[in-house]
Amino acid sequence: MKYLQKLPLILILIGLTTTSCRDEIKETEASNTSVKEAYLDADEQEIVLGDKIENPYSVENMQQAYQNIMKSKDKSSKTLQKTGETIEISTNHHYVRFWCTSAEDKEKLTSLDIQFSEFPLDREIEEEGDFFIEEDFDTETFEGAWVYTSLLEDFDYASLGLTYELLEDLFLFEESQGEDIEEDDGLLAKATDAQISFYEALEKEAFRITGNLEKELKKNKDNNLGEKCWFFCRGRTQPKGTLKVYNTATGGTDPVVGVKVRTFRWFVWGRGYTNENGYYKINKKYRGDPWYSIDFYNPSNKIKIYSTWLSLSDATYRAWTESKRGYNKTFYTNSYGWRFSTVNNAVVKYRKYCRAYGIGTFNSKMRINVTSGSGKASTPMLRHTYGFIGFNSRSDVSNFFLNNSPLGFLANSWIGYLLRLKLLPDIWIQGNARQGTDGVYYKVFHEMAHSSHFAKVGGAYWAKYISYILTYGAYGDGTGRNAGYCGVGEMWGNYFSFILLEKEFVSKRYGNSWKFEDWYNPGFLGDVANIPDVTISEIYQCLTASTTTFQELIRKLKTKTTQHEKIDAAFNSYTDWP
């Protein structure tokens, strides 16, 4: 990758735009950490590549393997000749790489269901890990990153509008012929048994002449029948499995819902999504064991979870080589994937609760940064708000942060990159396991409640919300300009998140201290919800763009009930209003 994945200074940005916890705004000193050290985290390891591998699927090597088999009078070639069938060895795919300069560039690929790797596909893997730094990483410009894939020979590359390089011509039998499988794209149909048998011999010979046969034998987890069998004996298999995550609050495991499972072996790509039981089935079949990775991308919920501030790709857990039959995984608290799985599930649960309670959700794409740490969180909604604040250029952004923070050097150094790469976050959550599952869920419920509020009021409202926090430091005392925006927002965020927390973890007791939080007393909304003819949905309906003070909130709440005196009594029961 040619972009920073770890940079402590970026934490300041979210601290400056926090909308949830008082202790999030803290001054952080500049760090002299090296670029490579900045990538590393306690639970992340760098991918280290070795030498280039000679590609057995190149047209040149496949043609040579074809000639060798025909000369050797292999049984498969004789069978093919008897049937009068032929296999033409010519380019049907390209090994290609695309230059991505923003998160939107990668979304152009994923929107077409193009799978890709962030490291070259024809290099040895010396050390498996979680992220990759390209050898010619540019610490000054951060221009973008290459991603690598294979596509059909007639693919319209120009239609993507991305810079690309054709690296090698490929002949992939598995992508152009073969048997049908469920939900396939139609490219694996119509191959005869004779053709399949011949191709198996062809592929094995291509691996032999390129020096890859022994390597394939060693890494194949299902091969216990010796070299004669290689990895063809058991045929092509469609991987399937189940993903789970450990729940510290219940002591059991939960299915990881709605995440993408990707597989690839050399240039053959597959994918599937986990269902409500955490079960997935890959849409390709493999003769050899593929690499597996889990992308915390939930298209049904329109969210992407990212592990770092300047990452162009969603958070990924790499399992590397696993059985072609499938891969099962439970993420325990010591796993790199625990925090992503837990946040993902909390978002899924939040949206289900919203449907049950009649609460709106923000349905545009959201970027959620989930980093390691001790439980801080915020919902700046910067991807959808910065235009209202006046972020029309890098200069505007710099001036904004310079005028509102003693740490203006951050803007001059880094904010421009976030804008240019379109990486401004909507939600930031520190989600390590020390908080426990219910602690992470509370943070997610709280921040997602803010996003539901944003869905009602829009960017102009949110800009004033952010402005108050920047001006007065966290929540202030409730008397400053635009304090009502913050008071109404935090009242709702605290109230609704605790309602869901107690609903989700019924066996735990959290007490009533949340009702008296700060000067905005979220318990007031709880008391209003206890009025027989008022529902939580009706409370949410009152959070409009004009609800900028407690007085206006009270006026709107009274339109939902005839028992106005109970609303007044609920408000007056709290004595520390500003």
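Not measured: the values here are computed from a predicted model.
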Shortest non-hydrogen contact from Phe296 toward Gly337: CZ-O, 4.0 Å
Determine, using ring centers only, whether Tyr442 and His446 are less than 6.0 Å apart. yes
Exercise: identify the closest heavy-atom pair between Asp105 and Thr101: OD2-N, 2.7 Å
Identify whether NZ of Lys or CZ of Arg in Lys106 sits under 6.0 Å from the centre of the six-membered ring of Phe116 and within 45° of that ring's axis. no
Is the closest side-chain heavy-atom distance between Leu243 and Ile294 below 4.5 Å? yes
Hey, is the main chain of Tyr246 close enough, under 3.5 Å, to the side chain of Trp338 for a donor-acceptor pair? yes
Once you round to the nearest 0.5 Å, how far does CH2 of Trp462 lie from OG of Ser467? 14.0 Å
Main-chain N/O of Phe362 paired with Ser451 side-chain donor or acceptor, under 3.5 Å: no
Near Glu565 CD, under 6.0 Å, is it more than 12 heavy atoms from other residues, nucleotides or ligands? yes
For Glu517 and Tyr495, which I'm curious about, is there any donor-acceptor pair between the side chains at under 3.5 Å? no
Spacing of Tyr297 atom OH and Ile305 atom CD1 [to the nearest 0.5 Å]: 12.5 Å
Closest approach of Arg271 to Asn283 (non-hydrogen atoms, all atoms of both residues): N-OD1, 2.8 Å
Is the backbone of Pro380 close enough, under 3.5 Å, to the side chain of Trp428 for a donor and an acceptor to pair up by distance? no
Phe524 ring center within less than 6.0 Å of Tyr520 ring center: no
Indicate yes or no: at least one non-hydrogen side-chain atom of Leu162 is less than 4.5 angstrom from one of Leu109. yes
Residue pair Ser452 / Tyr350, side-chain donor-acceptor N/O under 3.5 Å: yes
Looking at side-chain heavy atoms only, is the closest gap between Met448 and Met366 below 4.5 Å? yes
Can you tell me how far the OG1 atom of Thr561 sits from the NZ atom of Lys566, to the nearest 0.5 Å? 8.0 Å
Rounded to the nearest 0.5 Å, what's the gap from CG on Leu525 to CH2 on Trp492? Could you check? 7.5 Å
Is there side-chain contact between Leu557 and Ile539, with heavy atoms separated by less than 4.5 Å? yes
Separation of Asn345 CG from Thr437 OG1 (nearest 0.5 Å): 9.5 Å
Nearest-0.5 Å distance that lies between atom NZ in Lys349 and atom CD in Glu504: 3.5 Å
Just by modelled atom types, is the Val506 backbone N or O under 3.5 Å from a matching donor or acceptor in the Arg509 side chain? yes
Between Ile114 and Trp269, does a side chain to side chain contact (heavy atoms under 4.5 Å, CB included) hold up when you go through it step by step? CA-CA 9 Å; Ile114 296 173; Trp269 303 83; over 6 Å; no
Does the separation of the ring centres of Tyr485 and Tyr468 fall below 6.0 angstrom? no
Looking at side-chain heavy atoms only, is the closest gap between Lys260 and Gln115 below 4.5 Å? yes
Side-chain heavy atoms of Asp527 within contact of Tyr574, under 4.5 Å: yes
Looking at Ser573 and Ala570, would you say the former's side chain and the latter's main chain have a donor-acceptor pair under 3.5 Å? yes
Please tell me whether Thr535 and Ser537 have a donor and an acceptor in their side chains that are separated by less than 3.5 angstrom. no
Given side chains that start at C-beta, do those of Tyr273 and Pro299 come closer than 4.5 Å, heavy atoms only? yes
Does some side-chain heavy atom of Ile47 sit less than 4.5 Å from a side-chain heavy atom of Arg318? yes
Does this structure show an ion pair linking Lys108 with Glu104, if we count only N-O contacts that are shorter than 4.0 Å? no
Between Phe496 and Tyr540, does the ring centre distance come in under 6.0 Å? no
Answer with yes or no whether the side chains of Ser372 and Asn432 bring together a donor and an acceptor at under 3.5 Å. no
Thr547 and Lys556 have their tightest heavy-atom pair at OG1-CD, 3.3 Å
I'd like to know if the side chain of His384 reaches the main chain of Lys365, judged simply by a donor and an acceptor atom lying under 3.5 Å from each other, with no hydrogens or angles considered. yes
Go through it in stages, so that I can follow the logic: the residues are Tyr465 and Val457, the test is side chain to side chain contact (heavy atoms under 4.5 Å, CB included), and I'd like the CA-CA distance, side-chain angles, deciding distance and then a yes or no. CA-CA 11 Å; Tyr465 195 159; Val457 300; over 6 Å; no
Step-by-step side chain to side chain contact (heavy atoms under 4.5 Å, CB included) determination, Val370 to Ile427: CA-CA 8 Å; Val370 180; Ile427 292 176; over 6 Å; no
Any donor-acceptor pair under 3.5 Å from Thr274 side chain to Val256 backbone: yes
Worked verdict on Thr548 versus Tyr461 for side chain to side chain contact (heavy atoms under 4.5 Å, CB included): CA-CA 9 Å; Thr548 62; Tyr461 184 105; 3.9 Å; yes
Backbone N/O of Glu107 and side chain of Thr110: donor-acceptor pair under 3.5 Å: yes
Pairs in or reaching into residues 568-578: which pass salt bridge (charged side-chain N to carboxylate O under 4.0 Å, His left out), with residues at least two apart or in two chains? Lys558-Asp568
Nearest heavy atoms of His453 and Leu543, plus distance in Å: CD2-CB, 3.9 Å
Using a 3.5 Å distance criterion without hydrogens, assess whether the side chain of Gln563 forms a donor-acceptor pair with backbone atoms of Pro532. no
Strictly distance-based, threshold 3.5 Å: is any side-chain N or O of Trp577 a donor or acceptor partner for the main-chain N or O of Asn572? no
Determine the minimum heavy-atom distance between Thr479 and Asp477, stating which atoms define it. OG1-OD1, 2.6 Å
